[in-house]
Amino acid sequence: MPVYSVSFIFIFLLIAGYRNTSGLSNDLYYYELEYQNFLAGSLSQYEIGYKILMSIGGMITDDFYLFRSIVIFLSLLLVFVSVKKYSPSPHYVIALFTTYLVILSAEQFRYFIAFSLFIISFNILLFSDYKFKKVFSAIVLGLATSIHFSFLIYFVIIALFSEKTEQTIKIKVLALITFVFCIVIFINNNTIPGLETLISGIDDSKIQIYLNQKTEFGFLILFLLHGFSLFLSGWAVKLSQKRTDVGTLKKIKLIHQINILSVIFFPLFMVQITFYRLIRNFLILNYMLVSGISISKVIKLDMRVSFLVLAWTSVICWIYFDLVFKTPMEALLIPFFTENYYLNF
């Protein structure tokens, strides 16, 4: 059996078999309760796409965990197919994914479904040869948004994205303006000027919850974490200059452009640290970039090793921030390894 298929089965078992009875995280409990109530005829507050999935699931089984396993299988398949099609070294990308993102995928069921569609959306945007790639990308992103509303904000990235790499200077200016705006927010006690007025006119309670909060200095950690991605993608561009073919260099520059564009999310980190997911989702694109550098035969070995050490350091920092610093280890990291229906013998 091909290694890629074995990896798929292993990761599927890790995600689908995950249970959490710690009492510190009740996501799966509430998803199961929501599923049972929905099948019993109760109204659901979730997005229309997820409600459609539950309706289809109800035609197959009333067992939430069987429904979850089927959806995870299909979502993970989308991730694997997309990575294999567009990544220079899919095995390396999956290895990085398994190290960190797979743990979150096991916990955040609905978010993982949307995330799998998000990956396809941005792979189409960055790497496909479709004539109307922005349209196709937006359609797939719309499906992701129908599962989890937070993905709506990525339409901004699609709108601002330009396949012409020479437009990067304009994007850098936009990033600089955003940074200046962050200074204004900080002076304003980590509050976006005019946000309270905006919130008062919004009926959606979810959006109000996300926006009507503020953090202290936690946003600085997120600035540094994304700084890792910016530095790595910028370094990848320099390493690839005159060392790779034009097509590969262009892909690397486009991923770097996405990292620069992502700076526009920085003001949101200062309001609510939960928005860190917006840059976390782009990590898999950076993993594709890292995989390309790792297998390059024209870049000197010592430079590749240095690049990979920094890339793995970034992964470790993300793990520590997300699964140790922000979330108690007992709530997610430890249960991921100790509570698995398929792997605990």
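Just so it is clear, the model here is predicted, and its values are computed rather than measured. Count residues from 1 along the sequence.
Under the 6.0 Å cut-off for aromatic ring centres, Phe321 and Tyr276 qualify, their centroids lying closer than that. For Phe109 and Phe112, the distance between ring centers is not under 6.0 angstrom.
Although no hydrogens or angles enter the test, the distance criterion places no donor-acceptor pair under 3.5 Å between the side chain of Ser75 and the main chain of Ile72. Of the possible polar contacts, none joining the Arg19 side chain to the Tyr341 backbone as a donor-acceptor pair under 3.5 Å is found. Side chain of Tyr50 to main chain of Ile113: no donor-acceptor pair is present (N/O by atom type, distance under 3.5 Å, no hydrogens or angles). Lys134 contributes a side-chain N or O that, together with a main-chain N or O of Phe161, makes up a donor-acceptor pair within less than 3.5 Å. In this structure a side-chain-to-backbone donor-acceptor pair under 3.5 Å is present from Tyr154 to Leu278. Side-chain atoms of Ser146 come within 3.5 Å of backbone N or O of Leu143 as a donor-acceptor pair. Between the side chain of Tyr4 and the main chain of Phe80, a donor-acceptor pair closer than 3.5 Å is present. Remark: side-chain polar atoms of Thr327 are paired, donor with acceptor, to backbone N or O of Asp322 under 3.5 angstrom. Judged by distance alone, the side chain of Ser240 and the main-chain N or O of Val237 form no donor-acceptor pair under 3.5 Å. At least one donor-acceptor pair under 3.5 Å links the side chain of Ser121 to the backbone N or O of Ser137.
Closest of all the heavy-atom pairs between Glu47 and Thr145 is CG-O, 3.9 Å. The shortest non-hydrogen separation linking Leu28 to Phe64 is O-CE2, 4.1 Å. Counting all heavy atoms, side chain and backbone alike, Leu14 lies closest to Ala106 at O-CB, 4.4 Å. The two residues Met288 and Pro88 make their nearest non-hydrogen contact at O-CD, 3.7 Å. When all heavy atoms are compared, the tightest approach of Phe282 to Phe265 is CE1-CE1, 4.1 Å.
Seen from the ring of Tyr31, Arg68 does not count as a face-on cation partner, given the 6.0 Å and 45° thresholds.
With no hydrogens or angles considered, no side-chain donor-acceptor pair links Asp27 and Asn20 at under 3.5 Å.
Scanning for side chain to side chain contact (heavy atoms under 4.5 Å, CB included) contacts around Ala95 gives an empty result, with sequence neighbours left out.
Listed by first and then second residue, the side chain to side chain donor-acceptor pair (under 3.5 Å) pairs involving residues 52-64 amount to none (not counting sequence neighbours).
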